[in-house]
Undergrad: 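After the structure tokens below, expect a handful of questions from me.
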Amino acid sequence: MTSVVTAGGISVTIRGPVLDASETVLDRLVSDGVPGSLASRNAKLWGPDAAPLAARRLGWLELPETSRSLADLLAGPAGEARDRGLDRVVLAGAGGAAVAAEAMYRTAFGSGEAPAELVVLDTTDPHEVSGVLAGDPHRTIVVVVDGSTEAESLHRVFGRAFDEAGLDGAQLAHRFVVVAEEGSALAEAAAEAGHHLVPAEPDVDGRFGALGARALVPAALAGVDVSALLDEASRLMAVLRQPYDNPALALGAVLASSALGDRDKLVIADHGSGLHGFAGWAEQLVGGALGKDGKGLLPVVVEGVDAPGFELTDDLRRVILGSRPDEPGPGREAGVSVAGPLGAQFLLWEYAAAVAARVLGVDPFGEPDTAQSAESTGALLRSEEGTAPTVVRRPPELVSGAVEVHAGAEDALRGAQTLTEALEIVLESVPDGGYLAVLAYLDRRGDAAAAGLRPLLAARAAKARRHPVPVTFGWGPRYLHTVGQYHKGGPRNGAFLQVTGAVTDDVPVPGRPYSLGELQLAQAFGDLRVVRALGAPAFRIHLRDRADGLAQLTEALA
């Protein structure tokens with residue numbers, strides 16, 4: 001039993017029992033007139049409480065057309081920057097816009113030659129930032145997006161780096177492009193400093209703003225053809241009012257029926273889609289838009305269709321980006337596959353998430369739980385004792401070579417004597433029907449091996465518990481702005497394994513009483529406090545030596 005919905009350059013294929021459940025939801029959406037109401041920007045679709053915010057957050061529906069002027073505006077400055085030898089674009093930002101820009105760049109150029117380099121820095125890891133600072137400042141232009149803690153700190157760090165490189169006056173001012181809402185504190189500071197200011201849409205947020213200024217500006221400066229992306233999205237935009245032959249509505253019905261039923265984990269695998277980095281963007285959208293009020297759909301991005309964690313189980317829905325593998329394999333007939341170009345995929349998933357939120361009864365634009373971690377971080381940074389001493393002074397429950405295990409309570413490790421035993425305890429702590437989130441506050445480039453912990457833990461969990469356990473992986477602090485909302489606001493069935501690392505090359509933040517290393521540790525420990533306060537099992541592994549510690553963890557899980 002298969003249904004294929006194709007329109008606007010997108011194809012959504014639904015197979016197996018999921019078809020019946022999604023068709024029931026689809027009929028309800030059609031009878032309620034949702035396609036027409038959403039396309040008309042009806043802010044009341046998510047209930048009266050959500051309406052005031054929704055009225056200020058529905059501009060993404062028109063971005064395929066309204067961003068045209070932005071594409072034209074950026075064409076000249078992008079070429080001029082490259083003519084001046086500025087062929088290295090650093091994006092200092094956070095959230096969905098940063099992930100979207102990275103997906104645009106990676107999809108456009110892959111491993112091929114690009115007109116300029118795009119480096120996405122949505123981190124406070126001093127090792128990662130130091131690696132970027134080591135590049136040629138005379139080739140670098142920095143795009144600062146909105147006013148997150150990460151962006152604000154990096155703005156200061158790069159300002160000092162440019163100054164030390166001998167840039168001053170207008171030359172220094174022109175090395176920054178600021179994307180912010182007009183009238184915001186960041187926009188006013190940018191105008192005062194003489195930075196180039198690009199207004200961000202006031203009715204679009206970063207989570208739903210893949211086709212807005214926050215993502216398109218850095219992508220365009222790095223040479224991405226953003227007009228082509230908007231063309232792709234426009235073709236899909238033309239069919240969003242349709243009650244049938246509407247792939248975005250069909251996908252929304254799939255997401256909603258999955259979350260309403262027992263399949264509250266959405267496992268996403270890429271199989272030849274050519275959309276590099278897109279799964280990570282879809283993860284932040286689905287997790288953040290739907291994970292609140294104790295409800296939601298947990299996105300689990302896996303390495304491929306053969307990766308541990310993609311096995312068909314009773315509590316997950318599988319989505320393949322691209323085409324389904326030719327060989328059926330056990331249970332492969334059930335699930336969903338989505339194919340189409342990147343620009344249309346952005347709009348497709350935004351529409352689907354908004355539709356699913358209506359069915360679930362949650363506000364897709366609200367982030368009621370994300371502030372908790374930010375407040376906890378701020379409290380640590382204001383501590384009279386200082387961030388680092390507050391965290392490090394607590395002795396670990398277990399030390400094995402370069403690895404410390406902090407369990408939060410004396411008996412939490414239940415007498416484990418080895419790293420392997422400690423990791424087994426972590427896996428055993430996952431609630432029945434729950435998930436394990438691995439959260440790595442490390443260097444995405446220098447400590448890339450950390451991402452390999454996800455499949456190792458998933459394979460170990462399936463063997464130890466005789467049933468697959470969903471395991472997610474996120475880089476900190478990126479995940480705080482992506483799926484962090486789900487961790488705090490979704491169903492209370494998560495366990496958390498945080499990984500931090502020793503800092504050997506810290507970076508001061510000019511004008512602030514802390515370094516990037518201290519800020520990063522405060523973000524990690526602040527979030528850990530919050531999830532523990534919610535009653536979730538939460539462990540922290542600290543790597544006294546990053547490379548040796550990751551090697552030890554890999555060996556312990558092999």
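Excluded from the calculations below are hydrogen atoms, water molecules and symmetry mates; all remaining heavy atoms, backbone and side chain alike, are included.
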Undergrad: So, do V338 and Q345 sit near enough that their side-chain heavy atoms are less than 4.5 Å apart?
TA: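 Yes, close enough: below the 4.5 Å cut-off.
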Undergrad: G280 and V99: which non-hydrogen atoms are nearest, and at how many Å?
TA: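 Minimum heavy-atom contact is C-CG1, 3.8 Å.
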Undergrad: For G446, is there any backbone N or O sitting under 3.5 Å from a side-chain donor or acceptor partner on H127?
TA: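 A pair under 3.5 Å: no.
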Undergrad: Counting distance only, does the side-chain N/O of Q498 pair as donor-acceptor with the main-chain N or O of A524 below 3.5 Å?
TA: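 Yes, because the side chain of Q498 sits within donor-acceptor range (under 3.5 Å) of the backbone of A524.
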Undergrad: Can you check side-chain contact (heavy atoms from CB on, under 4.5 Å) on L543 and L553, steps first, answer last?
TA: CA-CA 10 Å; L543 309 178; L553 288 171; 4.0 Å; yes
Undergrad: Start with the C-alpha distance between L118 and F109, add both sets of side-chain angles, then the distance that settles side-chain contact (heavy atoms from CB on, under 4.5 Å), and finish with yes or no.
TA: CA-CA 11 Å; L118 176 65; F109 303 113; over 6 Å; no
Undergrad: Say whether Q485 and H487, considering side chains only, have a donor N or O and an acceptor N or O under 3.5 Å apart.
TA: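 Not at all, the side chains of Q485 and H487 share no donor-acceptor pair under 3.5 Å.
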Undergrad: Might you point out which heavy atoms bring I320 and P325 nearest each other, and give the distance in Å?
TA: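 Heavy atoms of I320 and P325 come nearest at CD1-CD, 3.7 Å.
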Undergrad: Please give me the minimum heavy-atom distance between A495 and S429, naming the atom from each residue.
TA: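 Of all heavy-atom pairs spanning A495 and S429, the closest is CB-OG, 3.8 Å.
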Undergrad: What is the minimum heavy-atom distance between V509 and S515, and which atoms define it?
TA: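 Minimum heavy-atom contact is CG2-C, 3.9 Å.
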Undergrad: Run the ring-ring contact (aromatic ring centres under 6.0 Å, His included) test against F539 and tell me which residues pass, sequence neighbours left out.
TA: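 Residues passing ring-ring contact (aromatic ring centres under 6.0 Å, His included) with F539: none at all.
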Undergrad: Any chance you could measure D315, atom CG, to H467, atom NE2, to the nearest 0.5 Å?
TA: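 It is 6.0 Å, given to the nearest 0.5 Å.
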Undergrad: Any sub-3.5 Å donor-acceptor pair from S257's side-chain atoms to V254's backbone N or O?
TA: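 Flag set: sc S257 to bb V254 pair under 3.5 Å.
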Undergrad: Any side-chain heavy atom of L528 within less than 4.5 Å of one from R540?
TA: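 Side chain of L528 against side chain of R540, heavy atoms only: contact under 4.5 Å found.
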Undergrad: Strictly distance-based, threshold 3.5 Å: is any side-chain N or O of D270 a donor or acceptor partner for the main-chain N or O of G272?
TA: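 Checked: pair present.
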Undergrad: Scan side-chain atoms only and decide if S258 and R317 contain a donor-acceptor pair under the 3.5 Å cut-off.
TA: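 Note: S258 and R317 side chains meet the donor-acceptor criterion.
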Undergrad: Under the side-chain contact (heavy atoms from CB on, under 4.5 Å) criterion, do Q523 and S373 qualify, and how do the steps go?
TA: CA-CA 7 Å; Q523 289 175 310; S373 294; over 6 Å; no
Undergrad: Once you round to the nearest 0.5 Å, how far does OG1 of T554 lie from CG of L456?
TA: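 Between atom OG1 of T554 and atom CG of L456 there are 6.0 Å.
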Undergrad: Side chains of T472 and V483: closer than 4.5 Å at any heavy-atom pair?
TA: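 SC-SC contact between T472 and V483 ruled out.
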Undergrad: I need the single residue from V426, L436, V430 that forms a side-chain contact (heavy atoms from CB on, under 4.5 Å) with L457. Which is it?
TA: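 In the set V426, L436, V430, the residue that makes a side-chain contact (heavy atoms from CB on, under 4.5 Å) with L457 is L436.
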Undergrad: Using only atom types and a distance under 3.5 Å, with no angle test, would you say the side chain of T420 pairs donor to acceptor with the backbone of A556?
TA: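 Side chain of T420 to backbone of A556, a donor-acceptor pair under 3.5 Å: yes, one is there.
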Undergrad: Check whether any side-chain heavy atom of E350 sits under 4.5 Å from a side-chain heavy atom of L285, and report yes or no.
TA: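 When only atoms from C-beta onward are counted, L285 and E350 do touch, with a gap below 4.5 Å.
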Undergrad: Can you list everything that forms a salt bridge (Lys or Arg N to Asp or Glu O under 4.0 Å) with E428? Sequence neighbours excluded, please.
TA: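 Only R414 meet the salt bridge (Lys or Arg N to Asp or Glu O under 4.0 Å) criterion with E428.
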Undergrad: Kindly write out the residues that satisfy ring-ring contact (aromatic ring centres under 6.0 Å, His included) with W281, not counting sequence neighbours, or none if the list is empty.
TA: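 Scan of W281 (ring-ring contact (aromatic ring centres under 6.0 Å, His included), adjacent residues dropped) gives F278, F346.
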Undergrad: Does any pair with a residue in residues 434-453 pass side-chain hydrogen bond (donor to acceptor under 3.5 Å, both in side chains), and if so which ones, sequence neighbours excluded?
TA: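 Those involving residues 434-453 are E102-R444, E128-R445, Y441-Y479, D447-R546.
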Undergrad: Report yes if the side chains of D363 and D49 come closer than 4.5 Å at any heavy-atom pair, otherwise no.
TA: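 No. Closest side-chain heavy atoms not under 4.5 Å.
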Undergrad: Does T107 use its side chain to pair, donor to acceptor, with the backbone of H276 at less than 3.5 Å?
TA: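 Confirmed, T107 side chain pairs with H276 backbone.
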Undergrad: How long is the straight-line distance from OG1 of T124 back to CG of L154, given to the nearest 0.5 Å?
TA: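 Going from the CG atom of L154 to the OG1 atom of T124 covers 8.0 Å.
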Undergrad: Filter on side-chain hydrogen bond (donor to acceptor under 3.5 Å, both in side chains), then keep only pairs touching residues 283-298, sequence neighbours left out; what's left?
TA: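 Sorted result for residues 283-298: R207-Q284.
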Undergrad: Are the side chain of E421 and the backbone N or O of Q417 linked by a donor-acceptor pair below 3.5 Å?
TA: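 Pair found, side chain donor or acceptor close to backbone of Q417.
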Undergrad: Working to the nearest 0.5 Å, report the span between CG of L442 and OG1 of T500.
TA: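 It comes to 7.5 Å.
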Undergrad: So which heavy atom on P218 is nearest to which on A101, and how close?
TA: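 Looks like CG-CB, 4.0 Å.
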Undergrad: With sequence neighbours left out, write down each residue that passes salt bridge (Lys or Arg N to Asp or Glu O under 4.0 Å) with E117, or none if nothing qualifies.
TA: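 Listed in chain order: R88.
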Undergrad: Measure the spacing between OG1 of T504 and CG of D506 and express it to the nearest 0.5 Å.
TA: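 Those atoms lie 9.0 Å apart.
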Undergrad: Would you confirm whether N493, through its side chain, and G433, through its main-chain N or O, come within 3.5 Å as a donor-acceptor pair?
TA: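 A pair under 3.5 Å: yes.
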Undergrad: Are V90 and V132 side-chain neighbours, meaning at least one heavy-atom pair lies under 4.5 Å?
TA: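 The answer is yes; the side chains approach within 4.5 Å.
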Undergrad: Could you tell me if R318 sits above the aromatic ring of F310, with its cationic atom closer than 6.0 Å to the ring centre and no more than 45 degrees from the axis?
TA: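 Positive - R318 is close enough to the ring of F310 and near enough to its axis.
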Undergrad: Can you confirm whether the side chains of T123 and R478 place a donor and an acceptor under 3.5 Å from each other?
TA: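 The answer is no; no qualifying pair exists.
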Undergrad: Do side-chain atoms of R57 reach the backbone of G366 as a donor and acceptor pair under 3.5 angstrom?
TA: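 Here the side-chain-to-backbone pair does not exist.
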Undergrad: According to salt bridge (Lys or Arg N to Asp or Glu O under 4.0 Å), who are the partners of D527, at least two apart in sequence or on a separate chain?
TA: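 By the salt bridge (Lys or Arg N to Asp or Glu O under 4.0 Å) rule, D527 matches K488.
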Undergrad: A357: which residues meet the side chain to side chain contact (heavy atoms under 4.5 Å, CB included) condition with it, sequence neighbours left out?
TA: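 So A357 forms a side chain to side chain contact (heavy atoms under 4.5 Å, CB included) with W46, L290, V362, P364.
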Undergrad: Run D505 and V503 through side-chain contact (heavy atoms from CB on, under 4.5 Å) and show every step you take.
TA: CA-CA 6 Å; D505 185 17; V503 173; 5.8 Å; no
Undergrad: Is there side-chain contact between E397 and E404, with heavy atoms separated by less than 4.5 Å?
TA: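 E397 vs E404: side chains apart.
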Undergrad: Of all the heavy-atom pairs spanning A210 and M104, show the shortest one and how long it is.
TA: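 A210 and M104 have their closest heavy atoms at O-CE, 2.9 Å.
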Undergrad: Tell me every residue that passes side chain to side chain contact (heavy atoms under 4.5 Å, CB included) with A307, counting only those two or more places apart in sequence or in another chain.
TA: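 With sequence neighbours excluded, A307 shows a side chain to side chain contact (heavy atoms under 4.5 Å, CB included) to V302, E303, R454, given in chain and number order.
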Undergrad: In the structure I gave you, are the side-chain heavy atoms of P491 and Y486 within less than 4.5 Å of one another anywhere?
TA: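 In contact.
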Undergrad: Nearest 0.5 Å, please: how far is NE2 in H271 from OG in S337?
TA: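 Interatomic distance, S337 OG to H271 NE2, rounded to 0.5 Å: 11.0 Å.
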Undergrad: Sequence neighbours excluded, which residues qualify as side chain to side chain donor-acceptor pair (under 3.5 Å) partners of S153?
TA: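 Listed in chain order: nothing, the list is empty.
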Undergrad: Who are the ring-ring contact (aromatic ring centres under 6.0 Å, His included) partners of H155, not counting sequence neighbours?
TA: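 So H155 forms a ring-ring contact (aromatic ring centres under 6.0 Å, His included) with F176, H195.
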Undergrad: Is there a donor-acceptor pair closer than 3.5 Å between any side-chain N or O of R214 and the backbone N or O of V204?
TA: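 A pair under 3.5 Å: yes.
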Undergrad: Can you sort out the partners of Y351 under ring-ring contact (aromatic ring centres under 6.0 Å, His included), two or more places apart, ordered by chain and number?
TA: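 Here no residue qualifies.
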